[in-house]
Amino acid sequence: MKTIKVLGSGCTKCTKTAEFIAKVAADKGVAIEVIKETNPEAIMGYGVMVTPAVVINEQVVHSGSIPNQATVENWLS
Amino acid sequence: MFSWFTILADWLTYRVLGLSAETNLSKAIHFFIEDTTKILVLLVVMIYIIALIRASLDVTRVRYYLAGKSKILGTILGSIFGAITPFCSCSSIPVFLGFTSAGIPVGVTMSFLLTSPLINEVAVLLLLSLLGWQFTLTYVIVGMLVGILGGLLLEFIHAERWLQPFVRKAYDNAQFTANYTAPHLSFAQRHDFAKTELIDIFSRVWKWVIIGVGLGAALHGFVPENWLEQHLGEEQWWSVPLAVLLGIPLYANATGIIPIMEGLITKGLPVGTTLAFCMSTVAASFPEFIMLKQVMQWRLLLTLFIILLVAFTLIGWLFNFLHFIPLGVRS
């Protein structure tokens, strides 16, 4: 099962990003785990300055906005 | 070119609603229609144009420009970048950490973060259309001075002592390799960025414009002329610190507060008192300070808070003392 981390200190966009990824995964029938990382120290560790950011396999794949449908589907495939 | 909006407001208020021109209600409604339509139309045009121009400026690039600069130059540049770089206040903490872990001094980072909420394109546009260019220029200069002097003061007291331990460690171990190549953007990419920005900013600020102008209109229509001047005028020295204290629990962004500034000034509230109130509302808010607690110890947080309160009070007194009345404020 794939684990996707959403980095962000609790802003609305971060919550929306996590919900959106979970929804796209559910629609596609892909089992994933979405973790919200709000600890500033951990976010700093990924070198991210603009949230929401998305981390897959410890790699930052997206930063600064709610990702679009195509991007999320690409991560899940 | 702004007369179109006056004509529209005349038509809607006096013809469509059939109100007579002399009542408080019609004055307030006329003001509300004219200003909301004007501001919303200008916002759409200006946000798009400005976003096209600054599409390639982001915080990563700002960090690259600020890293390794001397403290004084860095603080000044930090304030300038704070005024022109778009970023959401929810990214304050990651930006703070990103700058600090690149070895950028706390004062430089705070100069950036303090100026940012005070000055942005939406605020400047609102000021220009509501209060004229002289007032806008004054506001921008004062806003940047708050950032620059605040930042320098934090440097002077060695604010890095009072960062949270993990932040201090990141600052001390900072290694920053200065390689950054600005991405080359095609017009299509700039257009995409500008479109996203426009939708994002507009969907966030339109309701603030309506609320702000609504309150401004209520002030305009229902508060008697000179009432504020008599009760909270330059004679009452305490009105400035009071305005600053009142501004703290009120949490609004510049977009919502500027139309209220216009209402307050035209009703005779001294310019200094108005500036102090508005800057306090925009730049010293509890939610922002609670967020900063994650990276700063109480002592630094409290120091920063006091610096801001004193700065806004001094600004207020100074402008009141000088009897500063910007040209272009319509009466």
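Chain letters run A, B, ... following the sequence lines, proteins first, then strands; residues in each count from 1.
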Item to check | Engaged part of B:Phe96 at the chain A interface, taking heavy atoms whose separation is under 4.5 Å | outcome: neither
Does atom [atom1] ([X]) have a neighbourhood of more than 12 heavy atoms from anything else shown, all under 6.0 Å?
{"X": "B:Leu73", "atom1": "CG", "result": "yes"}
{"X": "A:Asn57", "atom1": "CG", "result": "no"}
{"X": "A:Lys28", "atom1": "NZ", "result": "yes"}
{"X": "A:Trp75", "atom1": "CH2", "result": "yes"}
{"X": "B:Lys293", "atom1": "NZ", "result": "yes"}
{"X": "A:Lys16", "atom1": "NZ", "result": "no"}

Taking atom [atom1] of [X] and atom [atom2] of [Y], what is their separation to the nearest 0.5 Å?
{"X": "A:Asn39", "Y": "B:Ile93", "atom1": "CG", "atom2": "CD1", "answer": "11.5 Å"}
{"X": "B:Gln294", "Y": "A:Thr38", "atom1": "CD", "atom2": "OG1", "answer": "8.0 Å"}
{"X": "A:Met49", "Y": "B:Asp58", "atom1": "CE", "atom2": "CG", "answer": "7.5 Å"}

Next on the checklist: Within the 4.5 Å heavy-atom criterion, are A:Lys13 and B:Asp200 side-chain neighbours or not?
Outcome noted: yes
Next on the checklist: Are A:Met44 and B:Pro94 packed together at the side-chain level, in the sense that at least one heavy-atom pair is separated by less than 4.5 angstrom?
Outcome noted: no
Item to check | Heavy-atom pair with the smallest gap, counting every atom of B:Leu97 and A:Pro40 | outcome: CD1-O, 3.4 Å
